[in-house]
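Below is one structure, written out as structure tokens; comments come after it.
Note that ligands are numbered from 1 as they come in the structure, with each ligand's atoms numbered from 1 the same way.
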Amino acid sequence: MSNNTIGMSDKSSLFPTYNRYPITLVKGEGSRLWDENGREYLDFMSGLAVTNLGHVPEQVKARLTEQLDSLWHVSNLFHIPQQEQAAKLLTERSCADAVFFCNSGAEANEAAIKLARRYHQKIANTGRYEVITFEQSFHGRTLATLTATGQDKVKDGFSPLPDGFRCVPYNDIQALEAVITDKTCAIMLEIVQAEGGVIPITAEFAEAVANLCAVHGLLLIIDEVQTGVGRTGRWFAHEHFGLKPDIFTVAKGLGSGFPVGAMLAKQYLRDAFGPGTHGTTFGGTPIAMAAVIGTLETHIEERIPERVAEISSYLLAQLHQKLGANPKVKAIRGMGLIVGIEYDGAAGDMIAQMHQEGLLVVSAGPNVIRLLPSLRVTKEDINAAVAIIERVLAEQTAQVG
Ligand SMILES: *Cc1c(COP(=O)(O)O)cnc(C)c1O
């Protein structure tokens with residue numbers, strides 16, 4: 001057995017940045033994964049909201065295969081028609097008018113922060129630079145995005161951090177109002193704080209944020225890296241609240257597993273990112289764009305956002321029905337197919353036990369079990385997953401007493 005993680009990490013040539021689960025996955029198809037011993041798993045984490053169309057989706061594979069045969073990489077010093085096509089698919093379905101393609105969520109957020117500052121400094125000429133973010137948020141691991149992140153553990157040991165960020169409690173209108181000054185250039189937030197414990201924004205807070213941005217001339221940046229592209233039952237989660245962000249970012253589900261991110265913004269922000277202001281070698285290569293186009297076309301053809309809105313009510317109803325009586329289940333919450341089960345106690349052992357029983361789920365903070373199934377998940381798969389969750393939670397609750 002190569003499951004001996006201690007032995008593996010001793011000999012590993014990798015940085016030990018991850019506490020890895022003792023499972024080695026070698027094959028995937030739809031909502032199923034298989035490990036090196038041929039054991040089958042039901043995937044309810046989707047590579048952390050990445051493989052939203054399931055593993056190896058046919059339409060995306062066809063687009064990628066076609067592109068692999070003709071051209072892999074072109075410098076952004078040339079026109080790349082696939083980028084225009086992918087950007088059109090995104091802007092036609094959102095409030096945005098312009099897209100910058102990059103390679104990850106952190107890069108997309110980094111671009112968003114840079115764009116907000118540059119707009120205020122070079123176009124609006126206000127000189128403002130400060131970005132307000134929220135406790136428990138997660139925005140990435142680069143120096144600027146970890147500074148924006150509202151969790152101390154991701155900042156530990158990396159000082160000095162960049163200047164110009166303020167962090168306040170989430171869903172707290174007074175706290176937000178209190179830190180707005182003539183230095184504030186933007187408010188940056190998630191619609192569902194995913195890594196922070198699956199905490200959705202309240203309707204009152206969403207409305208207050210929009211009003212404060214309008215009153216004080218602040219840019220609204222929404223981090224949709226985990227919630228975007230259908231995950232919550234809308235194309236983008238901010239639509240649930242009628243928000244029209246000046247800037248928003250997507251990444252995880254955008255390429256069905258191919259690494260790609262995007263920053264999207266309103267028309268009037270375009271000139272703030274003129275030639276030479278920002279860039280990335282790999283952003284928007286023909287291969288990445290084939291993955292994006294294949295992914296978005298599939299979402300459109302299969303009406304994935306509508307499907308998610310429907311099937312997620314079934315998942316929530318099943319969870320409430322089967323877990324509702326468990327006294328240790330403190331809350332079941334989420335939006336679309338990002339769902340958190342808050343447990344009265346540590347979730348780690350239960351997650352390991354679910355893996356043992358063939359269901360892959362992930363935590364969101366110490367006490368929350370997070371479900372991120374494929375957006376094409378079936379009722380049968382939901383029934384199977386909920387049965388395992390119910391059993392493991394019942395056993396654990398009985399043991400703990
Ligand atoms: C995952 C995530 C990021 C970071 O994305 P990377 O691709 O890992 O850089 C940023 N924001 C949110 C909300 C995320 O879930």
Side-chain angles (χ1 to χ4, degrees), residues 15 17-20 45-52 100-116 131-151 153-155 158 165 167 170-171 186-201 206 220-232 234 236-238 240 243 245 247-264 280 282-284 288 291-292 295 334-340 361-365 368 370-373 375:
F15 274 104
T17 47
Y18 289 93
N19 234 335
R20 294 175 196 268
M45 56 191 279
S46 305
L48 277 191
V50 170
T51 52
N52 284 359
F100 176 83
F101 285 107
C102 53
N103 313 289
S104 70
E107 256 188 83
N109 286 336
E110 187 87 19
I113 294 162
K114 284 180 70 179
L115 180 66
V131 178
I132 301 173
T133 65
F134 297 91
E135 290 173 9
Q136 275 95 51
S137 64
F138 183 79
H139 298 298
R141 301 282 192 165
T142 63
L143 273 176
T145 58
L146 76 80
T147 306
T149 293
Q151 303 184 34
K153 64 180 187 216
V154 311
K155 307 183 192 198
F158 297 118
F165 292 87
C167 190
Y170 190 54
N171 284 332
I187 297 174
M188 178 168 179
L189 53 78
E190 295 157 272
I191 297 296
V192 181
Q193 290 190 324
E195 302 301 312
V198 189
I199 302 162
I201 197 169
L220 175 56
I221 304 174
I222 298 188
D223 179 345
E224 295 253 13
V225 168
Q226 189 153 163
T227 52
V229 200
R231 173 59 59 187
T232 68
R234 293 290 187 97
F236 306 102
H238 59 258
H240 288 286
L243 294 172
I247 305 172
F248 69 96
T249 54
V250 292
K252 288 193 164 95
L254 183 60
S256 296
F258 195 94
V260 56
M263 178 196 63
L264 299 95
T280 169
F282 292 118
V292 172
T295 301
M335 205 178 273
L337 287 176
I338 171 168
V339 173
V361 295
V362 66
S363 64
V368 176
R370 180 171 27 158
L371 309 183
L372 295 161
L375 307 187

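Between V225 and ligand 1, no pair of N/O atoms sits closer than 3.5 Å. At a 3.5 angstrom cut-off on N or O pairs, A106 counts as close to ligand 1. At least one N or O atom of G105 sits closer than 3.5 Å to an N or O atom of ligand 1. Annotation: E107 places no N or O atom under 3.5 Å from an N or O atom of ligand 1; distance criterion only.
For the side chain to side chain contact (heavy atoms under 4.5 Å, CB included) criterion with M45, the lone passing option out of V362, L371, T51 is V362.
A donor-acceptor pair is defined here as one N or O able to donate and one able to accept, closer than 3.5 Å; no such pair exists between the side chain of Y170 and the backbone of L189. Formation of a donor-acceptor pair under 3.5 Å by the K155 side chain with backbone atoms of T149 is found in this model. The backbone N or O of E110 sits nowhere less than 3.5 Å from a side-chain atom of T145 that would complete a donor-acceptor pair. The backbone N or O of K252 sits nowhere less than 3.5 Å from a side-chain atom of Q226 that would complete a donor-acceptor pair.
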side-chain hydrogen bond (donor to acceptor under 3.5 Å, both in side chains) between T227 and T232, worked out:
CA-CA 6 Å; T227 52; T232 68; over 6 Å; no
Test side-chain hydrogen bond (donor to acceptor under 3.5 Å, both in side chains) on H139 and T133; report intermediate values, then the result.
CA-CA 9 Å; H139 298 298; T133 65; 5.3 Å; no
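Contact atoms of ligand 1 toward N109: 10 (C), 11 (N) (distance under 4.0 Å to a heavy atom of the residue). The atoms of ligand 1 that sit less than 4.0 Å from any heavy atom of D223 are 10 (C), 11 (N), 12 (C), 13 (C). Near Q226, with a cut-off below 4.0 Å to any heavy atom, the atoms of ligand 1 are 15 (O). Every atom of ligand 1 is numbered from 1 in the order shown, and the set under 4.0 Å from a heavy atom of S104 is 7 (O), 9 (O). Within ligand 1, the atoms closer than 4.0 Å to a non-hydrogen atom of K252 are 1 (C), 2 (C), 3 (C), 14 (C), 15 (O), numbered from 1 in the order shown.
At a heavy-atom cutoff of 4.0 Å, ligand 1 is contacted by no atom of T145, backbone or side chain. Contacts between E190 and ligand 1 below 4.0 angstrom, taking non-hydrogen atoms only, involve the side chain exclusively.
Between A148 and S137, the shortest heavy-atom distance links the atoms O-OG, 3.6 Å.
Of the protein's heavy atoms, at least one falls inside 4.0 Å of atom 7 (O) of ligand 1.
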